[in-house]
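Side chains are part of it too, since the values below use all heavy atoms of this structure and drop only hydrogens, waters and symmetry mates. In each ligand, atom 1 is the first atom listed, and ligand 1 is the first ligand listed.
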Amino acid sequence: MTLQIAIDGPAASGKSTVAKLLAARINGLYVNTGEMYRAVAAAAYKLNIDPEKNPQELVKHLPEWTLEYKLDTEKDCLELYFNGEPVDHAFLRSKEVSDIVSQAAAIPEVRDWMLQKQRDCAKLPIIVMEGRDIQTVVLPNATYKFFITASAEERAKRRLNQGDFKDGTTLAEVAAQIAMRDQIDSTREIAPLKAADDALTIMTDGMTPDEVVDRMIEFMRENPRQ
Ligand code: CDP
């Protein structure tokens, strides 16, 4: 028996924080599919490929690349490897990568390339997988589906407080970048961001991450599926 928890939501909604906390509370493994798209965008950036202007140039490289999660048995978590090397998490969250990741993720061939890799992770016994299309495309039969959201203002504040930005970055700049990604992610033709009909949506303004996780666990207790 496997337990699959699919969490989706817009940029900086706090999904990663709650997904990690939830995975720890239920002894599951956490998969961040945004990080997988960021790894591809980072590789494109290093090759000077603009995924919006030159999507086919990026697609040409896909067969040469490998991307996989490996279990770190000491830390008991999954670590992402690109072409055999652990990814550089700080670079994946940089402005350079954030500025082009949604354009890379909108390329149909990139999404196809990702799909089986993401489904392979879900073969593990207890998995908490987070992204934009997990409940609708990657794991449509997930045991539980949560859509985690927050107001645009709250999300911009949360992202600025995460400190991934250069000194002097303003709230307005962060809000603009998030709005740009929201627009691309929710209007693209393939696998746009949306909640599944059977998902529980949690509007998290004013809630702490622990309160959000408590609500998710309460929902799972009230709706036993196994
Ligand atoms: O952490 P944040 O909410 O900023 O974004 P992320 O989860 O790191 O995802 C980065 C980008 O990858 C998103 O803006 C989407 O364009 C793309 N993505 C996607 O298309 N599908 C997923 N399942 C996950 C991420």
- Out of curiosity, does L62 fall in the hydrophobic cluster containing I107 (side-chain heavy atoms, cut-off under 4.5 Å, transitive links)? yes
- Looking only at side chains, do E35 and Y69 share a donor and an acceptor under 3.5 Å apart? yes
- Task: Heavy-atom cut-off of under 4.0 Å around ligand 1: list whichever protein residues fall inside it, by chain and number.
- Result: A11, A12, K15, T33, G34, Y37, R38, R93, V101, S102, A105, R111, E130, G131, R132, D133, I134, R159, R181, D185, R188
- Polar side-chain atom of R225 near backbone of T143 as donor-acceptor pair, under 3.5 Å: yes
- Name of the residue among T33, N32, V40 meeting side-chain contact (heavy atoms from CB on, under 4.5 Å) with M36: T33
- Message: Please enumerate all residues that pass ring-ring contact (aromatic ring centres under 6.0 Å, His included) together with F219, with sequence neighbours excluded.
- Response: F146
- Calculate, to the nearest 0.5 Å, the distance between atoms CD1 and NZ belonging to I202 and K15 respectively. 13.5 Å
